[in-house]
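Structure record follows, encoded as structure tokens.
In this text, all values refer to a predicted model and were calculated from it rather than measured experimentally. Labels below follow one simple rule: chain letters A, B, ... track the order of the sequence lines, proteins then strands, and each chain is numbered from 1.
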There are 2 protein chains.
Amino acid sequence: MTEISTIALEKNKNNKGCTVCCQSCSISELCLPFSLNHSELDKLDNIIERKKPVHKNEILFKQGDMLGSIYAVRTGTLKSYKITENGEEQITAFHLPGDLVGFSGIFGEQHNHTTSALETAMVCEVPFNDLNFLLGEVPRVRYQVLRLMSKEIKNEQDLVLLSRLNAEEKISAFLLNLSKRFERHGFDPFNFRLSMSRSDIANYLGITIETVSRLLRKFHNDEILEVNNKQIIIKDIEKLKNIKG
Amino acid sequence: MTEISTIALEKNKNNKGCTVCCQSCSISELCLPFSLNHSELDKLDNIIERKKPVHKNEILFKQGDMLGSIYAVRTGTLKSYKITENGEEQITAFHLPGDLVGFSGIFGEQHNHTTSALETAMVCEVPFNDLNFLLGEVPRVRYQVLRLMSKEIKNEQDLVLLSRLNAEEKISAFLLNLSKRFERHGFDPFNFRLSMSRSDIANYLGITIETVSRLLRKFHNDEILEVNNKQIIIKDIEKLKNIKG
DNA sequence: CGGAATCTTGATTAGGTTCAAGATGAGTGG
DNA sequence: CCACTCATCTTGAACCTAATCAAGATTCCG
């Protein structure tokens with residue numbers, strides 16, 4: 001929590017010993033700094049701005065906004081959604097720490113989804129023009145950005161595959177995906193709190209909230225999960241992985 | 001057709017007046033060369049290899065193959081698909097001329113889908129390491145690659161949105177998407193031939209071939225389309241756009 | 001021309017939605 | 001701290017869209 005109180009004071013031009021910079025960031029292995037050396041990190045640090053916290057339900061950027069920056073999630077959870085022609089919200093992603101948000105806006109030079117916080121979140125802002133310049137200067141930053149964009153393409157493809165599953169498989173895949181990501185961040189993969197509502201889950205998975213509710217109950221009764229409102233305990237991960245076919 | 005007969009003879013190191021190079025390519029506006037000047041084009045041309053034609057059902061690269069190259073489609077149509085855990089094929093994209101294929105393989109350094117030809121296709125091979133090097137040298141190539149990767153993220157997101165539609169809306173969206181892409185290539189957007197089978201369409205849209213067949217018949221009866229096996233004539237594009245809500 | 005693959009059409013079935021109503025939980029003010 | 005309210009979540013019953021199953025019809029291709 002000391003980190004939160006010291007952030008966003010000012011852009012740090014001399015990073016030696018700083019408390020808030022890529023060098024000391026706990027998620028650097030999952031984020032842009034991955035595999036960079038000290039001098040490369042310094043260059044990256046100099047273009048990144050730490051932002052004030054984004055509070056629950058606050059919007060980080062809106063669909064249609066000019067693409068100014070990419071954002072890296074440091075703490076908290078956010079969701080991205082599009083407004084369809086019919087005016088409905090369609091959630092396209094949940095973002096955990098280490099995720100980069102906004103790459104899809106490069107084409108067309110404007111963000112093509114809205115991103116808002118599900119709970120208070122800390123993000124780092126990476127101005128796109130600065131980043132683009134850095135790509136020319138530092139090969140490893142370039143490679144890392146390509147990797148992360150490629151990963152986002154992969155994520156979206158996985159979401160397409162998800163859409164072909166039946167409701168039980170969707171819930172299972174959703175929980176297993178969250179579990180894996182929590183584990184990667186050093187959190188308990190078998191006992192976690194959902195930061196999103198049933199409605200968000202349903203929207204994301206393309207099913208109704210009633211179905212989400214019914215299936216979580218079913219998994220609870222089948223002793224695969226312990227469901228207590230937003231708190232989830234995975235009791236039998238093998239069963240969860242073997243849901244249907 | 002003269003183009004086809006002269007391709008793949010050898011890598012062209014001096015592009016002045018060449019018949020097969022980015023400078024003279026009819027789809028350069030949709031592809032990597034977009035917005036590049038002559039000297040930039042030369043550099044790009046020097047790393048690109050023109051391939052022999054990929055014949056119908058031939059595989060360009062396989063899921064799991066090491067990522068060696070990205071490919072640009074020059075003529076013909078290809079499809080990309082993944083094999084799911086259950087051994088089923090899941091089509092994730094159809095590729096028309098100008099599309100770039102393979103970006104999702106950068107993360108993980110291996111292709112994560114298989115790409116094969118639906119009809120004889122000509123592709124240009126872009127070795128990834130050479131391209132990555134060029135990104136550092138030529139800012140406009142870098143920007144163009146970022147744009148195209150970003151576009152691919154956007155495409156995948158659209159596919160996710162597609163999955164939320166009902167069957168009629170899916171068919172409608174699919175045909176409108178094809179129509180738009182044909183138009184962009186200078187072909188008739190209202191009269192075209194589907195290069196993919198009903199089975200491929202159904203797979204891609206996440207519905208059954210029976211449903212595809214029934215709905216094409218229905219649209220035909222409603223005088224929205226004229227359907228003659230693979231030949232499609234769009235008779236009333238406004239009606240097609242207004243399918244359901 | 002003949003056989004296989006692809007496509008069409010019909011009848012039945014089922015998974016998930018919709019509609020409806022009650023239960024639980026979070027937030028607010030007295 | 002409790003009562004009150006609104007939002008979220010759960011549960012049940014009826015319904016509907018698209019899947020499945022089953023046969024023909026057409027097209028493709030050697």
For atom [atom1] of [X] and atom [atom2] of [N], their distance in whole Å:
| X | N | atom1 | atom2 | value |
| --- | --- | --- | --- | --- |
| B:Arg193 | D:dT27 | CZ | P | 13 Å |
| A:Ile171 | C:dG15 | CD1 | P | 16 Å |
| B:Glu88 | D:dA19 | CD | P | 14 Å |
| B:Asn57 | D:dC29 | CG | C1' | 13 Å |
| B:Leu205 | D:dA19 | CG | P | 11 Å |
| B:Gln231 | C:dT6 | CD | P | 20 Å |
| B:Asn166 | D:dA19 | CG | P | 11 Å |
| A:Leu165 | C:dG16 | CG | P | 11 Å |

Quiz item: Got a donor-acceptor contact below 3.5 angstrom from the A:Glu156 side chain to the A:Ile153 backbone?
Solution: no
Quiz item: When you measure from the side chain of A:Asn112 to the backbone N and O of A:Gly64, does any donor-acceptor pair fall under 3.5 Å?
Solution: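 No, A:Asn112 side chain to A:Gly64 backbone: no donor-acceptor pair under 3.5 Å.
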Is there any protein nitrogen or oxygen under 3.5 Å from a nitrogen or oxygen in nucleotides 6-15 of chain D, and what are the pairs?
residue : atom : partner  : partner atom : Å
D:dC9   : OP1  : A:Arg198 : N            : 3.3
D:dC9   : OP2  : A:Arg198 : N            : 3.2
D:dT10  : OP1  : A:Arg198 : NH2          : 3.3
D:dT10  : OP2  : A:Arg198 : NE           : 2.9
D:dT10  : OP2  : A:Ser213 : OG           : 2.7
D:dT10  : O5'  : A:Ser213 : OG           : 2.9
D:dT11  : OP1  : A:Arg217 : NE           : 3.4
D:dT11  : OP2  : A:Arg217 : NE           : 2.7
D:dG12  : N7   : A:Arg214 : NH1          : 2.9

Quiz item: At under 4.0 Å between heavy atoms, what does A:Lys56 touch on the DNA or RNA strands: base, sugar-phosphate, or nothing?
Solution: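 Nothing, no heavy atom under 4.0 Å.
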May I ask you to check whether [X] and [Y] show a side-chain donor-acceptor distance below 3.5 Å?
| X | Y | value |
| --- | --- | --- |
| B:Gln157 | A:Thr92 | no |
| A:Ser104 | B:Ser150 | no |
| A:Asn191 | A:Glu226 | no |
| A:Glu125 | A:Ser69 | yes |

Self-check item: Helical bend (five base pairs per end, nearest 10°) for the helix from C:dC1-D:dG30 to C:dG30-D:dC1
Solution: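 One end axis against the other gives 60°.
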Quiz item: How about A:His113 and A:Phe61: are their ring centroids closer than 6.0 Å?
Solution: yes
Self-check item: Pair B:Phe192 + B:Phe187: ring centers closer than 6.0 Å
Solution: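 Between B:Phe192 and B:Phe187, the centre distance exceeds or equals 6.0 Å.
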Quiz item: Does atom CG of B:Asn221 have more than 12 heavy-atom neighbours from other groups under 6.0 Å away?
Solution: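 Counting other residues, nucleotides and ligands, CG of B:Asn221 exceeds 12 neighbours.
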